[in-house]
Amino acid sequence: MSYNLSRYDFAAIEEKWRTRWLTAKTWKVEAEPGRKKYYVLEMFPYPSGRIHMGHVRNYTIGDVVARYRRMKGDNVIHPMGWDAFGLPAENAAIKNDTHPAKWTFENIDYMRGQLQRLGLSYDWDRELATCKADYYRWEQLFFLKMYAKGLAYRKKTTVNWCEPCQTVLANEQVINGACWRCDTLVTPREMQGWFLKITDYAEELLAGCDKLSGWPEKVLTMQRNWIGKSLGAEIEFPVEGRSDRLTIFTTRPDTIFGATFMSLAPEHPLVAQLSRGTEQETAVAEFVKRTAARRRLKTGEEPEKEGVFTGGYCLNPFTGARLPIYAANFVLMEYGTGAVMAVPAHDQRDFEFAGLYRLPVIPVIQPEGMELTAETMTQAHEGPGILINSGDFSGLGWEEAKVAITRQAEEQGFGRARTTYRLRDWGISRQRYWGTPIPIIHCEKCGIQPVPETDLPVELPTDVKIDKSGKSPLHTLENFIRTTCPACGGPARRETDTFDTFMESSWYFARYACPDFHNGPLRRDQVDYWLPVDQYIGGVEHAILHLLYSRFFTRVLRDLGYLGVDEPFTNLLTQGMVIKDGSKMSKSKGNVVDPSDLIARFGADTVRLFSLFAAPPERDLEWNDQGVEGAFRFLSRIQRFVGDNLELLSRADDHLPAGLGEADRVLHRKTHQTIRKVSRDLEGDFHFNTAISAVMELTNILFALTGPESKETPQPPLVRRAVEAILTLLFPMVPHLAAELWEATGHDRDLDAMPWPEYDPEAAKDDEITVVIQVKGKVRGRLQVAPGTAEDELRQLALADDKVKGFIGGAPVRKVIVVPDKLVNIVI
RNA sequence: GCCCGGAUGGCGGAACUGGUAGACGCAAGGGACUUAAAAUCCCUCGGCCGUAAGGCUGUGCGAGUUCGAUUCUCGCUCCGGGCACCA
């Protein structure tokens, strides 16, 4: 023995097993058609330098699942890699005068070591880094395929610009008006950029939510809200003095008779056209200029409503009423048609706007038991009611009126039912260097030309110097930019934007199935075997961003024939944050706990155990140094027990002795009850905290029964079985110590190769249980009876109890409720 | 404002499907061992009354259903998260 079993020498134990496992490639897997697979995946990290407690928690949870499923006999794939493109590398490059690639790869090497120290059971042969050309080249291929299908396109729009990051952000990446990464308020900017048509999949992404029964309801709600489906109608209003019509979208066609004006987004093309040459022209131009600057600025604050008359009118196709057309700052160009029919009586925004500009209010929906009049209304009535003032439709309920009015608009050719989504197309251009180059060539003669597939990858040049301006060096790197047009062969320029790094994380889970495949992005037989991910684990902060993009990508790749599933992740576990002193660990708060320090002091097993024990995974975990010591104490206790009883444990007979004493039975029963409890906890909700509690209880009983105070000591085979249960049940959580003690107690097969223990329902049965006696719902006594004792007998026993009699005090017993094996409640 | 969660001892958290509230751990207090400390072991540990036996009370607040509610229903309060002029 190379170490001393008389104390818990975690450093030696962990090093021994880490080396053994890594050398033997214990966790390497291959597809085995016909054998049940299980794919456990944790969200891969950005190689920022060091792992933090959030990673430790995330990856430990995943590792327990992986090890548990292996013991259950599944063919488990458990890969790890690096989300290696991103802005921090460029910032670090500036700060440390290094290159993003160097910085990134050094971080990867360091962090890989940290993960290995935690004893995480990854198949390292599948490791990938998204910044390598053999990964991102396939992403460029996907982009070209999407471009060919019209799923990728370029347009000029107002985008969210983040000044410190010197780049554009997608809508999903703007949180309360600020950049998701650096928290600076974004500013609007007109720019050309590439977009992916995620909106083409809006309906499918929404419908798919209903089938994701393995996802937290909270995440699904967020996704549904983000997609934001609205059913309504599109209606065309003739514009006075013009041949074209003004098309609006409304979810309330039932209120059309109450429309008193129109509101247009300031950028709506009609705004400028209508005002041209009228006395409103200057006022409108001034208004548009002023509001445009604040457009799409999602600052969180709701600006005051404001508008201006355009000088034009249109006609209500139902009533012929002449409606003034306004430009209004609260109408969004990118939602619906950028134009709204204003019904002040039944829309709060229109009501406020009408008040501001003294526009008429016409109630057309009468709520039950109340009469609305324009004069008395103090706010819009947005609820249900019966139609009034609505011509032939008066008298209809609002819901049927929606249908009837839409139908009539359709029949008469000026409207139709329409569904609108809040979801916008995904802007994927980033004005950054450290990312995947967008494989596009701009030719003055031929316009936009995709890079031919045979020319892929477009490699990110590495011979660049990152300067302090924060601007991407690609934009000025002539030997990268200068190229020839694939269509005409003439001189042309490369696209200098790179992909949003969420592109890389949208399909990495599929690439793990075949990380070394060179003939294409995905090897179909491998992908078909391993996908979808059975259990995905990560932080809830990706509830929309990464998870929505991945669901989108999966469908696109399916439609391109690269894979055969609709949804990437069958089950999702969103783990809570690790907090300390009540708030998230952060450098600025000075409450950061470094995992490596802890591993050095207590060992990886202790760190793993505590992060599993302190809270159920979906909840926030309050870090507590003394709690870590408690976890360490528990492991030391187990190690000490095995060390002290090594001889007894090693030579104990494998067979149950014929005659079991009281102590034998107690230990035997508890052993099987513990196996049952832990199995259920790992199988169901991943409530590792209660699983660990159960093993602690078993350990406590083991100590109590074998300690000096104990009247009767269990026989060695039973002690051995209890210890075996403790080690196997704990193995997924504290693998090094469990494997070590397993080996030390004379097992020749490694614990890795052992199956998960089965419990014997007979052995787990209690031979005596406590039945509570209540009088009027209050506990007044207890009965010790055999399980399954008949109701009658329980009733007799309860009524005969002296103490209970005292509480009844001769009063007539009105009713006796007996719940077998639980309680007897006497009602007087 | 709207939509989701959540609230249990000094702390983290348990409690099956409505049936003994507080498992397990941490902290605290007392004790044993020790020259001493560490480590370890034992005891106590929601609150109030009581020497004790025991009693009363208690799961954010207020009602309700029930023989019985941490659990179900309704109405609040506070905390956390998401969305926020989406027509």
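Note that the coordinates shown come from a computational prediction; the quantities given were computed from them, not determined experimentally. Below, read A as the first sequence line, B as the second, and so on, with proteins coming before strands; counting in each chain starts at 1.
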Under 3.5 Å for both donor-acceptor distances, Watson-Crick or wobble: does B:A69 have a partner, and if so which one?
none
Please work out if A:D350 contacts a base, only the sugar-phosphate, or nothing of the nucleic acid, heavy-atom cut-off 4.0 Å.
nothing
Out of B:C16, B:C85, B:A21, whichever nucleotide has its closest atom nearest the side chain of A:V779:
B:A21
What does A:R418 touch in the nucleic acid at a heavy-atom separation under 4.0 angstrom: a base, only the sugar-phosphate, or nothing?
nothing
Atom CD of A:E217 to atom C1' of B:G81: distance rounded to whole Å?
15 Å
For A:R619 and B:A14, is the shortest distance between a side-chain N/O and OP1 or OP2 below 4.0 Å?
yes
Distance between the C1' atoms of B:A21 and B:G58, in whole angstroms?
9 Å
How many whole angstroms separate atom CZ of A:F688 from atom P of B:G25?
20 Å
Check: B:C86 base within 3.5 Å donor-acceptor of A:R424 side chain:
yes
A:L220 has an atom CG; how far is it from atom P of B:G5, in whole Å?
12 Å
Out of B:G13, B:A27, B:U40, which nucleotide sits closest to the side chain of A:N689?
B:G13
A:I638 atom CD1 is separated from B:G25 atom P, nearest whole Å, by 12 Å
How many whole angstroms separate atom CD1 of A:I544 from atom C1' of B:C4?
12 Å
Applying the Watson-Crick and G-U wobble criteria at under 3.5 Å, what pairs with B:A52? Answer none if nothing qualifies.
none
Taking any heavy-atom pair under 4.0 Å as a contact, classify A:T770: base, sugar-phosphate, or nothing.
base
Please classify the nucleic acid contact of A:F610 as base, sugar-phosphate, or nothing, using heavy-atom distances under 4.0 Å.
nothing
Of the candidates B:A87, B:G81, B:G19, the side chain of A:K218 sits closest to B:G81
Remember a base hit wins even if backbone is also touched, and classify A:Q774 as base, sugar-phosphate or nothing at under 4.0 Å, heavy atoms.
base
Quick check on B:A23: is either OP1 or OP2 less than 4.0 Å from any side-chain nitrogen or oxygen of A:T690?
no
What distance, rounded to whole Å, do you find between the two P atoms, one in B:G9 and one in B:U59?
9 Å
Shortest non-hydrogen contact from A:W426 toward A:A170
CD1-CB, 3.9 Å
Correct closest heavy-atom pair for A:V540 and A:K218 would be CG2-CE, 4.0 Å
Stacked cation flag A:K305 on A:F330, 6.0 angstrom / 45 deg
yes
Between B:G22 and B:U8, how far apart are the C1' atoms? Round to whole Å, please.
8 Å
From B:A87, B:C26, B:G19, nucleotide with atom closest to A:K822 side chain:
B:G19
How far does the C1' atom of B:C43 sit from the matching atom of B:G75, given to the nearest Å?
47 Å
Backbone N/O of A:M577 and side chain of A:D620: donor-acceptor pair under 3.5 Å:
yes
Given atom CZ of A:R349 and atom P of B:C85, what is their separation to the nearest angstrom?
9 Å
Short side-chain N/O contact from A:R633 to OP1 or OP2 of B:C26, under 4.0 Å
yes
For A:F414, is the NZ or CZ atom of A:R245 found under 6.0 angstrom from the centre of its six-membered ring and inside 45 degrees of the ring axis?
no
Minimal non-hydrogen separation, A:G538 against A:M43, with atom names
CA-SD, 3.6 Å
By nearest-heavy-atom nucleotide on RNA chain B, the more 5' of A:L621 and A:V827 is A:L621
For B:C61, which nucleotide is its Watson-Crick or G-U wobble mate, given both distances must be under 3.5 Å?
B:G75
Is the shortest side-chain N/O distance from A:R637 to OP1 or OP2 of B:U40 below 4.0 Å?
no
If only side-chain N and O atoms of A:N700 are considered, is one of them under 4.0 Å from the OP1 or OP2 phosphate oxygen of B:G25?
yes
With rounding to the closest Å, how many angstrom separate the C1' atoms on B:C78 and B:G62?
15 Å
B:C67 phosphate, OP1 or OP2, under 4.0 Å from A:K778 side-chain N/O:
no
Could you tell me how far B:G25 sits from B:A14 if I compare only their P atoms? Round to whole Å.
15 Å
Between B:G64 and B:A69, how far apart are the two P atoms, rounded to whole Å?
12 Å
Of B:A23, B:G19, B:C85, the nucleotide closest to the side chain of A:E697 is B:A23
Verify the contact: side-chain N or O of A:K815 to OP1 or OP2 of B:C67, cut-off strictly under 4.0 Å; return yes or no.
yes
Whether A:Y326 and A:Y357 hold their rings parallel, tilted or perpendicular, with breakpoints at 30° and 60°
tilted
Starting from P on B:C2, measure out to CD on A:E382 and report it in whole angstrom.
12 Å
Under 3.5 Å on both distances, the Watson-Crick or G-U partner of B:C86:
none
Quote, to the nearest angstrom, the P distance that separates B:G31 from B:G50.
25 Å
Paired with B:C24 by Watson-Crick or G-U wobble geometry, both distances under 3.5 Å: which nucleotide is it?
B:G12
Looking only at the side chain of A:D347 (C-beta and beyond, no hydrogens), which of the listed nucleotides B:G13, B:A87, B:C85 gets closest?
B:A87
So if I take every side-chain heavy atom of A:Y335 and compare against B:C41, B:A87, B:A15, which nucleotide ends up nearest?
B:A87
Could you tell me whether A:G630 contacts a base, only the sugar-phosphate backbone, or nothing, with contacts defined as non-hydrogen atoms closer than 4.0 Å?
sugar-phosphate
As its Watson-Crick or G-U partner within any shown strand, both distances under 3.5 Å, B:C41 has B:G31
Pair assignment for B:A36, Watson-Crick or G-U wobble, requiring both distances under 3.5 Å
none
Since syn is defined as within 90° of 0, does B:G9 count as syn or as anti?
syn
Verify, without hydrogens or angle tests, whether A:D254 (side chain) and A:A401 (backbone) share a donor-acceptor contact under 3.5 angstrom.
no
Quickly, which of A:W623, A:F688, A:F632 forms a ring pair (Phe, Tyr, Trp, His ring centres under 6.0 Å) with A:F610? Name it, please.
A:W623
Using Watson-Crick or G-U wobble geometry with both distances under 3.5 Å, which nucleotide pairs with B:G18?
none
Give the nucleotide from the list B:G55, B:C24, B:A14 with an atom nearest to the side chain of A:P616.
B:A14
Separation of B:C85 P from A:E306 CD (nearest whole Å)
16 Å
Look at the side chain of A:N825 and decide which nucleotide, out of B:G68, B:C26, B:C4, has an atom nearest to it.
B:G68
By nearest heavy atom, map A:A614 and A:R252 onto RNA chain B; which one lands nearer the 5' end?
A:A614
Of the nucleotides B:G82, B:G12, B:C3, which one has an atom closest to the side chain of A:M222?
B:G82
Heavy-atom side-chain contact between A:I256 and A:M341 under 4.5 Å
yes
